[in-house]
Amino acid sequence: MNNDKSKIKVMVGLSGGVDSAVALALLQKEGYDVHAGFMRNWDAIANNDFSGNPTLLDPACPQEVDYDDALKVANKLGVTLHRVDFIKEYWDDVFMYFLAEYEKGRTPNPDIFCNKYIKFDAFLNWAKKLGFDYIATGHYAKKIVKGDEVFLAKSLDQDKDQTYFLSQLSKTQLESTLFPLGDITKTEVRAIAKALHLAPATKKDSTGICFIGERQFRDFLKNYIPAQQGVIVDINNGKTIGFHSGVYYYTLGQRRGLGIGGLKDYDENKRWYVCKKDVVKNILYVANDDHDAHLLSDKITLTDINFINGEIENGTTINVKFRYRQADQKATFYRNEQGAYLVFPTPYLAITPGQAAVFYLDDICLGGAIIADLYFKNNKIN
RNA sequence: UGGGGCAUAGCCAAGCGGUAAGGCAACAGACUUUGACUCUGUCAUCUCCCUAGUUCGAAUCUAGGUGCCCCAG
C-alpha cells in the first residue's frame with residue numbers, strides 16, 4: 001500500500017513548530033511523497049509593525065528562527081523545504097479586513113481568514129501549480145471521507161481542537177487537504193517529535209495572530225488605528241467613570257485595560273466589563289458585573305455564512321461555539337429574506353460581533369459564520 | 001478663622017496601644033494559533049499628612065501645624 005501513497009504528492013505547511021513537524025513525519029511514515037513549504041506572510045518592517053512588537057530588538061528575526069527550525073526538521077527527515085511569501089496576499093486579504101473590522105468597532109478573527117485565504121487558498125494553489133495533490137497542515141482537526149462526501153470533524157484531542165479556525169473552509173479546500181494530527185493527542189505529538197529528535201520537540205507553542213506573533217495588542221493596533229481618547233460610561237446609570245484611549249482597542253466582555261477601580265458606592269469586589277462600544281460617539285460602555293444583563297443576548301444575526309456540506313434546514317437546532325475553546329452551546333439556525341440568524345434557548349453572555357459562530361453536529365463541524373449584530377428581547381444591543 | 005468631622009498604597013477601604021486586612025486597578029506568569037475570558041503570583045518596612053511628646057512599644061493616645069469636608073456666617 002506504500003506504493004499507492006508514494007505516488008501522492010503532499011505539500012506540508014511547515015511552520016517551525018512541533019505540530020507541523022510531526023504532521024510531516026507522520027505523512028512521510030505513511031509513505032506519501034512529501035515536501036515541505038515554509039510560508040512567510042508578514043514583514044514587520046514593511047508593514048509598520050513597530051509599536052507593541054517585543055521582537056524588534058531580538059538578535060534574530062523570529063521568523064528566521066522558525067525557518068531554521070523548519071529547515072532542521074526537513075533536513076532531519078530528508079525532505080525538500082520550499083519557501084514562499086504571501087505577504088501581499090496576507091495584507092490584502094486578511095489584514096485589510098482585520099483593520100476594517102476594528103474600525104467598525106468589531107473584534108475580527110484574522111486567523112480564520114488567514115486559513116480561508118492564505119493557507120488553504122494561496123498556499124494550496126501554489127502547491128497545486130507545483131504539481132502537488134494535497135496540502136497538509138498541523139491543525140488539530142479531522143477530515144472524514146464517506147463515499148463522495150468529505151467532512152470536517154473535531155480532533156481526537158478535544159482540548160486542542162482547531163476546527164473553530166477552519167470553519168470558513170469550503171468543501172473543495174477540504175478535499176485537497178490532509179490533517180495528520182486529527183487522531184492523536186498533543187502529548188503524543190510531543191512524544192513523537194522527541195523520539196524522532198525533531199528540533200521543535202520542546203519548543204513552546206506559538207500564540208498571537210498567525211504569522212504575526214505575540215504583540216502588546218493595543219500598541220500593535222495603534223500602528224494602524226490611531227488612538228482617540230474618550231470616556232468610559234457606566235451603562236447602568238450613564239455616569240462617566242473613566243477614560244479610554246480608543247474604543248477600537250477593546251473587546252466586548254473585556255475586563256483588563258479599563259483602569260477603573262475603587263469607585264465609591266459600588267461593590268468593591270466586582271470588576272468592570274466592556275459591554276458596548278459606540279464608535280461614532282467614541283464611548284465605551286461598561287458594567288460592574290460579569291453577569292450584567294447588558295452582556296446578554298438571545299439572538300444574533302450572521303454574515304459570511306459557510307456550510308461545508310450544504311446548508312442545514314431552516315429551524316435546525318445545532319451546537320455552536322462563539323469563541324475558540326468555549327463549550328458548545330445550543331442554538332437554532334434560521335434564514336429568511338433579511339438574512340440568517342441564530343436564536344438561543346437561554347441568553348448567552350458576552351457574544352462578540354466580528355468573532356465566528358461555528359456550527360457543530362456532534363463532532364462534525366458544519367461550517368460557520370461571522371457574528372454581526374446582537375439582540376436581546378428583540379432589541380439590538382450592540 | 002465659631003463649632004464639628006476626616007487625613008492609611010493609583011483608587012476604595014479595614015484597623016480603636018503591640019509591631020499595616022481586603023477589594024478594584026496595575027504589573028508579571030499560566031492558559032491560548034484571533035481578540036477576550038479565566039487562573040496564579042507580585043504590589044505600604046527612613047510605612048499610615050507633618051512635627052513634637054506620652055509609652056517598653058503609637059497608624060492607633062496628647063499637643064501644635066498643614067490640607068480637605070460639613071454646619072453655622
Side-chain angles (χ1 to χ4, degrees), chain A residues 13 15-20 23 39 41-42 52 54 62 66 90 94-95 97-99 101-102 104-116 118-119 137-141 155 157 159-168 181 186 189 200 203-221 225 232 241-244 247-275 277 286 288-291 295 321-327 348-356 358 368 370-371:
Chain A
S15 69
V18 244
D19 296 330
S20 57
M39 274 176 271
N41 301 327
W42 185 254
D66 288 340
Y90 186 88
V94 180
F95 206 67
Y97 153 82
F98 170 82
L99 293 182
E101 285 286 279
Y102 267 109
K104 289 178 200 157
R106 293 150 58 92
T107 305
N109 189 321
D111 288 356
I112 285 183
F113 287 87
C114 175
N115 285 329
K116 181 183 172 104
I118 306 299
K119 290 178 187 166
T137 68
H139 283 103
Y140 288 83
S155 60
D157 191 334
D159 195 49
K160 295 298 294 184
D161 173 51
Q162 288 171 322
T163 50
Y164 186 85
F165 293 105
L166 303 170
S167 55
Q168 285 289 330
L181 305 187
K186 181 80 189 194
V189 166
K203 191 175 175 181
K204 192 182 185 307
D205 287 353
S206 64
T207 55
I209 299 172
C210 206
F211 296 115
I212 297 180
E214 295 262 33
R215 294 290 182 272
Q216 292 180 38
F217 205 74
R218 210 184 307 179
D219 289 333
F220 173 69
L221 279 183
I225 302 174
I232 299 177
I241 56 172
F243 300 89
H244 65 77
V247 288
Y248 310 108
Y249 310 140
Y250 296 86
T251 294
L252 257 62
Q254 178 169 345
R255 163 163 90 88
R256 307 240 166 206
L258 293 171
I260 305 169
L263 263 44
K264 269 188 180 296
D265 304 322
Y266 285 101
D267 185 334
E268 63 174 19
N269 294 300
K270 288 189 173 175
R271 301 139 160 195
W272 292 89
Y273 292 86
V274 174
C275 53
K277 298 164 69 171
V286 296
N288 191 26
D289 190 317
D290 59 354
H291 281 66
L295 287 166
K321 254 188 231 309
F322 299 98
R323 16 166 66 84
Y324 180 51
R325 289 175 62 81
Q326 179 190 52
Y348 294 152
L349 214 47
I351 291 183
T352 305
Q355 290 289 297
V358 177
I370 298 301
I371 298 161

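Order of the sequence lines sets the chain letters (A, B, ...), proteins ahead of strands, with each chain counted from 1.
Rounded to whole Å, the separation between the P atoms of B/G53 and B/U60 comes to 15 Å. Between the P atoms of B/A58 and B/C50, the separation comes to 15 Å (whole Å). B/A21 and B/C16 are spaced 12 Å apart, taking the P atom of each and rounding to whole Å. A gap of 15 Å separates the C1' atoms of B/C6 and B/G15, to the nearest Å. The same atom, C1', is picked in B/C71 and in B/C11; the two are 28 Å apart, to the nearest Å. Only the C1' atoms considered, B/G18 is 23 Å distant from B/A13, to the nearest whole Å. Here the separation of B/C24 from B/C43, taken at their C1' atoms, is 13 Å to the nearest Å. Spacing between B/A20 and B/A28 at atom C1', rounded to whole Å, works out to 24 Å.
Both A/Trp272 and A/Pro110 lie near RNA chain B, and the one whose nearest nucleotide falls closer to the 5' end is A/Trp272. A residue-by-residue look at A/Lys160 and A/Asp267 shows that A/Asp267 has its nearest nucleotide of RNA chain B further toward the 5' end.
Heavy atoms of A/Ser15 sit nowhere under 4.0 angstrom from any nucleic acid atom. Backbone-only engagement by A/Tyr102 is indicated by non-hydrogen atom pairs under 4.0 Å involving sugar-phosphate atoms exclusively. Among the protein residues, A/Gln355 comes within range of the nucleic acid bases, having at least one heavy atom under 4.0 Å from a base atom. Counting any heavy atom pair closer than 4.0 Å across all strands shown, A/Phe217 reaches sugar-phosphate atoms only and no base atom. Contacts of A/Asp111 with the nucleic acid, taken as non-hydrogen atoms under 4.0 Å apart, include base atoms. A/Asn288 comes within 4.0 angstrom of no nucleic acid atom, judged by non-hydrogen atoms across all strands. If you check every strand for non-hydrogen atoms under 4.0 Å, A/Gly213 touches nothing. Residue A/Gly242 is classed as having no contact, given no heavy-atom separation below 4.0 Å to the nucleic acid. A/Ile112 comes within contact range of no nucleotide atom at all, as no heavy-atom separation falls under 4.0 Å.
Partners of A/Ala141 by side chain to side chain contact (heavy atoms under 4.5 Å, CB included), not counting sequence neighbours, listed by chain and number: A/Leu152, A/Thr163, A/Leu166, A/Phe179. Legend: residues meeting side chain to side chain donor-acceptor pair (under 3.5 Å) with A/Tyr140, ordered by chain and number and at least two apart, are A/Asp19. With sequence neighbours left out, A/Tyr248 forms a side chain to side chain contact (heavy atoms under 4.5 Å, CB included) with A/Ile225, A/Gln228, A/Val279. Under the side chain to side chain contact (heavy atoms under 4.5 Å, CB included) criterion, A/Ser206 pairs with no residue at all, not counting sequence neighbours. A/Ser167 pairs by the side chain to side chain donor-acceptor pair (under 3.5 Å) definition with nothing, not counting sequence neighbours. With sequence neighbours excluded, no residue forms a side chain to side chain donor-acceptor pair (under 3.5 Å) with A/Tyr348. By the side chain to side chain contact (heavy atoms under 4.5 Å, CB included) test, A/Gln326 pairs with A/Phe322, A/Arg323, A/Gln329, sequence neighbours left out. In this structure, the side chain to side chain donor-acceptor pair (under 3.5 Å) partners of A/Arg106, at least two apart in sequence or on a different chain, are A/Glu101.
Of the N and O atoms on the side chains of A/Ser20 and A/Ser15, at least one donor lies less than 3.5 Å from an acceptor on the other residue.
Residue A/Lys277 places none of its side-chain N or O atoms closer than 4.0 Å to OP1 or OP2 of B/A36. The side chain of A/Tyr273 places an N or O atom within less than 4.0 Å of a non-bridging phosphate oxygen (OP1 or OP2) of B/U38.
When the P atom of B/U38 is taken as reference, atom CD of A/Gln254 falls 10 Å away, rounded to whole Å. Here B/C27 presents its P atom at 8 Å from CZ of A/Arg218, a figure rounded to the nearest Å. Atom P of nucleotide B/U38 and atom CG of A/Asp159 are separated by 19 Å, given to the nearest angstrom. For the pair A/Asn41 CG and B/U34 P, the interatomic distance rounds to 16 Å; values are reported in whole Å. Atom CD of A/Gln216 and atom C1' of B/A36 are 17 Å apart (whole Å). In this structure, NZ of A/Lys321 is placed 15 Å from P of B/U34, rounded to the nearest angstrom. A/Lys186 places its NZ atom 13 Å from the C1' atom of B/C31, with the value rounded to the nearest Å. In this structure, A/Ile241 atom CD1 and B/C12 atom C1' are separated by 13 Å, rounded to whole Å.
Aromatic ring pairs are classed by plane angle as parallel below 30°, tilted from 30° to 60° and perpendicular above 60°; the pair A/Tyr97 and A/Phe113 is tilted.
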Using a cutoff of under 3.5 Å, can you pull out all pairs of nitrogen or oxygen atoms linking the protein to nucleotides 39-42 of chain B, with atom names and distances?
none

Short N/O separations, protein against nucleotides 8-11 of chain B, under 3.5 angstrom:
from	atom 1	to	atom 2	distance (Å)
B/C11	O2'	A/Gly261	O	3.4
B/C11	O2'	A/Gly262	O	2.6

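No donor-acceptor distance shorter than 3.5 angstrom exists from the side chain of A/Asp66 to the backbone of A/Gly16, with no hydrogens or angles considered. Distance alone, capped at 3.5 Å, is enough to place a donor-acceptor pair between the A/Tyr164 side chain and the A/Ala356 backbone.
For the strand RNA chain B, secondary-structure stems (runs of at least three Watson-Crick or G-U pairs, all distances below 3.5 Å) span B:2-7 with B:66-71, B:10-12 with B:22-24, B:26-30 with B:38-42, B:49-53 with B:61-65.
Note that OH of A/Tyr324 and CG of A/Asp111 are 10.0 Å apart. Values are rounded to the nearest 0.5 Å.
Note on A/Asp290 versus A/Lys270: no salt bridge recorded, every NZ/NE/NH1/NH2 to OD/OE distance being 4.0 Å or above.
Sequence neighbours left out, the pairs with a member in residues 205-216 of chain A that pass salt bridge (charged side-chain N to carboxylate O under 4.0 Å, His left out) are A/Asp49-A/Arg215, A/Lys160-A/Asp205, A/Lys186-A/Asp205, A/Arg190-A/Asp205.
Regarding the sugar-base torsion, B/C69 falls in the anti class, its angle being beyond 90° of 0.
In this structure, of B/A36, B/U32, B/G35, it is B/U32 that holds the atom nearest to the side chain of A/Glu214. Here the nucleotide nearest the side chain of A/Tyr324, chosen from B/G35, B/C31, B/U34, is B/U34.
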